[in-house]
Chemist: 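Have a look at this one before I ask anything.
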Amino acid sequence: MASAGRGQWSGKAGFILAAAGSAIGLGNIWRFPYTAGENGGGAFVLVYLAFVLLIGVPVVLSELSIGRFTKLNPVGAFKKLAPGTNWKWLGGLGVLTGFGILAFYSVIAGWTLSYLWGAITGQVGGVTTAEQSNAVFEALIGGSLVPVILTAIFMAMTILVVRGGVSNGIERATKILMPTLLVMLVVMAIRAMTLDGGGAGIAYLFQPDFSKLSVDVIMAALGQALFSLSLGMGAMITYGSYFPDRENLPQAGIVVAFFDTGIAILAGLIIFPALFSVGVDPSAGPGLVFVVLPSIFAQLPAGGLFAIAFYFLLTIAALTSTISLLEVVVAYFVDEKQWDRKKASLWIGLACLVFAVPSALSQGAVGGLTDFLGTGVTYLDIQNIIWGNYSLSIGALGLCIFVGWKWGIPSALEALEASGHKLQGHTLWSILVRFVCPVAVGAILVYIMITQQYF
Ligand code: PFF
């Protein structure tokens with residue numbers, strides 16, 4: 001359980017980039033737009049933003065406080081703070097969830113690799129209509145061998161970085177790539193918003209139609225807020241555990257939350273205008289972004305080159321997220337089971353790959369996985385909902401109860417402010433963690449269980 005030799009970020013900027021690297025990923029660019037599109041647009045976005053502020057930010061700070069104080073993985077952290085209790089199972093759920101998310105996330109990340117390849121070979125850059133784009137998408141992901149191989153390549157890349165450890169592997173990669181991604185997204189948003197018919201997309205994103213609100217929409221928005229901020233499974237506990245003692249943690253946490261949310265909105269400002277201008281249905285599902293984006297490249301100067309650069313960065317954004325997913329599981333085996341980091345990275349990564357295969361084959365290759373158990377949605381969608389919505393929500397609920405009522409706000413605050421930098425508005429934070437988050441998340445989960453509306 002010793003924390004010596006676990007590694008550390010080089011400083012606040014290093015942490016912000018790595019944590020933003022975890023938060024910013026396919027969740028922002030792939031999951032946010034299609035989930036917003038499936039759930040009616042503006043009303044979903046409003047609820048999502050409210051959840052980021054009322055639940056996301058307080059939970060970020062809670063996870064970071066636990067990580068900084070214990071300097072341990074999620075299971076070890078709960079064991080240290082509440083020895084001999086069942087709270088360690090909450091950490092265990094987090095580790096399992098990291099594994100579960102990685103097992104489908106790596107499949108989508110594999111798709112981005114195939115788009116990168118498609119951009120390099122000119123297949124993607126030359127697409128102009130939605131039909132062409134759809135055909136490219138289906139050809140790329142509907143196969144059996146190719147999606148599995150792409151997932152395996154992505155998993156191998158993730159394993160290689162996680163093997164290298166905290167500051168060498170993870171931090172170095174994010175330093176240049178995150179700012180570049182931001183600049184490219186801004187350029188694409190400007191182009192998309194000035195497309196013919198683009199204004200309708202902006203309206204769809206920001207004008208809430210409250211008749212679209214339902215418990216499903218609220219659950220999806222909660223799951224999305226947590227997923228996008230990498231919360232509810234201990235990723236921020238783990239990343240906070242490598243935070244240097246002297247630096248301002250409350251500020252770093254809040255910066256990461258705003259950075260992440262800004263990128264999601266920016267992705268929305270690209271996808272929705274583009275979607276309305278090419279006539280794609282907003283509720284097209286998980287393929288949405290992949291089908292819509294190519295239409296923008298065709299309308300940008302040097303679109304082919306732009307497409308290559310964009311998919312390269314998207315791949316990296318996905319990689320900095322898969323790294324954090326694998327890192328949570330690896331940190332558990334390194335801290336608690338004394339495994340060697342290299343061995344842990346390899347074996348856990350390979351095991352996860354095995355669990356990823358059904359998701360990779362669920363996009364048309366195997367009928368039983370495409371319409372899983374007669375639910376009308378794919379096996380991958382179900383994984384996304386179970387791990388990415390339910391499990392994260394249960395994790396966030398448990399975490400708030402733990403920090404608010406078991407460990408206690410004064411201890412958590414002391415850990416957060418250990419460097420002497422204060423958390424502005426800590427009374428509000430305390431109210432949100434103790435009352436608002438548990439009641440809101442608890443009520444949503446109970447309501448969904450009783451009415452069983454979600455599936
Ligand atoms: N936040 C990542 C994204 O938006 O792509 C996904 C993710 C990473 C979720 C790490 C959870 C996590 F712990």
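Note that these values count all heavy atoms, side chains included, but never hydrogens, waters or copies made by symmetry. Worth saying up front: this structure is predicted, and the values here are computed from it rather than measured. Atoms within each ligand, like the ligands themselves, are counted from 1 in listed order.
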Chemist: Do you know which two heavy atoms are closest between Y239 and I323, and how far apart they sit?
Modeler: OH-CG2, 4.0 Å

Chemist: Tell me the side-chain hydrogen bond (donor to acceptor under 3.5 Å, both in side chains) pairs involving residues 256-270, sequence neighbours left out?
Modeler: N28-D260, S228-D260

Chemist: For the residue pair F310 and F297, categorise the inter-ring angle as parallel (less than 30°), tilted (30 to 60°) or perpendicular (more than 60°).
Modeler: tilted

Chemist: Pairs under 3.5 Å, N/O atoms on ligand 1 and on the protein: can you put them in a table with the distances?
Modeler:
{"from": "ligand 1", "atom 1": "1 (N)", "to": "S22", "atom 2": "O", "distance (Å)": "3.2"}
{"from": "ligand 1", "atom 1": "1 (N)", "to": "A23", "atom 2": "O", "distance (Å)": "3.0"}
{"from": "ligand 1", "atom 1": "1 (N)", "to": "F227", "atom 2": "O", "distance (Å)": "2.8"}
{"from": "ligand 1", "atom 1": "1 (N)", "to": "S228", "atom 2": "O", "distance (Å)": "3.1"}
{"from": "ligand 1", "atom 1": "1 (N)", "to": "S230", "atom 2": "OG", "distance (Å)": "3.0"}
{"from": "ligand 1", "atom 1": "4 (O)", "to": "A23", "atom 2": "O", "distance (Å)": "2.8"}
{"from": "ligand 1", "atom 1": "4 (O)", "to": "G27", "atom 2": "N", "distance (Å)": "3.4"}
{"from": "ligand 1", "atom 1": "4 (O)", "to": "N28", "atom 2": "OD1", "distance (Å)": "3.4"}
{"from": "ligand 1", "atom 1": "5 (O)", "to": "L26", "atom 2": "N", "distance (Å)": "3.2"}
{"from": "ligand 1", "atom 1": "5 (O)", "to": "G27", "atom 2": "N", "distance (Å)": "2.7"}
{"from": "ligand 1", "atom 1": "5 (O)", "to": "Y105", "atom 2": "OH", "distance (Å)": "2.5"}

Chemist: Does the separation of the ring centres of F104 and W387 fall below 6.0 angstrom?
Modeler: no

Chemist: Kindly write out the residues that satisfy ring pair (Phe, Tyr, Trp, His ring centres under 6.0 Å) with F333, not counting sequence neighbours, or none if the list is empty.
Modeler: W339

Chemist: Kindly state each residue pair satisfying side-chain hydrogen bond (donor to acceptor under 3.5 Å, both in side chains) with at least one member in residues 100-109, sequence neighbours excluded.
Modeler: Y105-S321

